[in-house]
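The structure under discussion appears below in the form of structure tokens.
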2 protein chains.
Amino acid sequence: MNQNTKDIHSIFSQYLSEQNLRMTTQRELILKTFCKQKKHVTAEQLYEILKKADPTIGHATVYRTMKLLTEAGIARELNFGEGSIRYEPDTSKEHHDHLVCVKCGENIEFLDEEIENLQKRVVSKYGYQLVDHSLNLYGICPKCQKS
Amino acid sequence: MNQNTKDIHSIFSQYLSEQNLRMTTQRELILKTFCKQKKHVTAEQLYEILKKADPTIGHATVYRTMKLLTEAGIARELNFGEGSIRYEPDTSKEHHDHLVCVKCGENIEFLDEEIENLQKRVVSKYGYQLVDHSLNLYGICPKCQKS
DNA sequence: TTTGATATTGATAATGAGTTTCATTCGCTG
DNA sequence: CAGCGAATGAAACTCATTATCAATATCAAA
Ligand SMILES: [Mn+2]
Ligand SMILES: [Mn+2]
Ligand SMILES: [Zn+2]
Ligand SMILES: [Zn+2]
């Protein structure tokens, strides 16, 4: 419930009213809980956490709200090829890509400006207009290399 | 049924016998049909194509065989976040990444050595051992920009 | 503050990709 | 050819996500 969370709350409120949608207690709870997470969570994981605070909350509401948060630019979808989508906050931090350990799932965030620029060069070389990109590096973390 | 296809056939045969698995008419047909494809196909798309040649072929057999081809290093899995996996031949060409049009799905293959090297630099910076990577650029192709 | 139009919710059913099960059939070796 | 294990196809299943829909909540207008 810090300043940052408050800002995000008003970003979401504004997005909702722009779309003629309503702020609800469920949406507030989901937003607040999502922002508290330290790791990238799936909708299902978030649902499990939310049930502790509100056992009546619905499965579908969580999925629906995560989609809204994504549209509002508050959450970002991550696809590590696990079969489900993970979400991370998209406002507080700079853009970054991920280096994931294939053994334990540990996850490092990095940003390499040179790579970012070279991507732009590739895209413009083919006359495309860049919309998005996804760069995931998969490896074995130092810890897992030992075992 | 060119030379290349023949080579791939023996790569697959050898892989199978190494694993104490058998070459079957279904596996031969799937391999042959997969190699003929010009575009990246999903298992389901390939199944639809295969049914024309062999209406008795099973759904599960196609999925199972594509997995085998991947293990044998003949096919590569592509994940463009569409909800299903696409496959491309992994032997004939060099490694490459993809630039995908988000409107029409058109797909450009590119290889940027500088990006590849910078990826390695990132991985080693964190002490990881690189296993794989996935770089997809999403944009709007020149054709779709006009409409 | 009441009302009413409409957005939202949660339970549940449905979907779609991919996997598992299992009885039957096939491929290979002896 | 016999026998054994691998492979197949049909069908059931899993798992993530989405659609449906009746009941409820929100909010602007009266
Ligand atoms: Mn992240
Ligand atoms: Mn390709
Ligand atoms: Zn690890
Ligand atoms: Zn296009």
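Worth saying up front: this structure is predicted, and the values here are computed from it rather than measured.
Rounded to whole angstrom, the span from the CD atom of Q19(B) across to the P atom of dG5(D) amounts to 19 Å. The nearest whole Å value for the distance from the NZ atom in K67(A) to the C1' atom in dT18(D) is 8 Å. The separation between E77(B) atom CD and dT19(C) atom P is 9 Å, rounded to whole Å. One can place CG of L16(A) at 14 Å from C1' of dC27(D), the figure rounded to the nearest angstrom. Rounded to an integer number of Å, the gap from CG of N20(A) to P of dA5(C) is 17 Å. The nearest whole Å value for the distance from the CE atom in M66(B) to the C1' atom in dT19(C) is 16 Å. Distance L29(A) CG to dA25(D) P: 16 Å, rounded to the nearest Å. Look at CG on L68(B): it is 12 Å from P on dT19(C), rounded to the nearest Å.
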- [ ] Map every base of DNA chain D to its dot-bracket character, where paired means a Watson-Crick or G-U wobble contact with both distances under 3.5 Å and | marks a partner outside the strand.
- [x] ||||||||||||||||||||||||||||||
Task: Per-nucleotide protein contact string for nucleotides 11-17 of chain C, where B marks a base within reach and S marks sugar-phosphate only (heavy atoms under 4.0 Å, - for neither) - done: ------S
Open item on the list: Return a single string for nucleotides 24-30 of chain C, one symbol per nucleotide in 5' to 3' order, where B is base contact, S is sugar-phosphate-only contact and - is none, cutoff 4.0 angstrom on heavy atoms.
Closed with: ---B---
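A donor-acceptor pair is defined here as one N or O able to donate and one able to accept, closer than 3.5 Å; such a pair exists between the side chain of Q145(B) and the backbone of G127(A). Panel note: side chain R27(A), backbone S13(A); no donor-acceptor pair is recorded below 3.5 Å. N136(A) places a side-chain N or O within 3.5 Å of a backbone atom of N79(A) that can act as its donor or acceptor partner. In terms of modelled atom types and a separation under 3.5 Å, the side chain of Q37(B) and the main chain of T33(B) share a donor-acceptor contact.
Between S10(A) and D7(A), the shortest heavy-atom distance links the atoms OG-O, 2.8 Å.
Between I57(B) and I30(B), the closest side-chain pair of non-hydrogen atoms falls below 4.5 Å. By the 4.5 Å heavy-atom criterion applied to side chains, D97(A) and L135(B) are not counted as neighbours. Looking at K120(A) and N117(A), their side chains come closer than 4.5 Å, going by heavy atoms from C-beta outward.
The stretch residues 20-48 of chain A participates, sequence neighbours left out, in these ring pair (Phe, Tyr, Trp, His ring centres under 6.0 Å) pairs: H40(A)-H98(A), Y47(A)-H59(A). Residue pairs meeting the ring pair (Phe, Tyr, Trp, His ring centres under 6.0 Å) criterion with at least one partner in residues 126-147 of chain B, sequence neighbours excluded, are H95(B)-H133(B).
Clustering of Ile, Leu, Val, Met, Phe, Trp and Tyr side chains at separations under 4.5 Å leaves Y63(B) isolated, with no partner residue.
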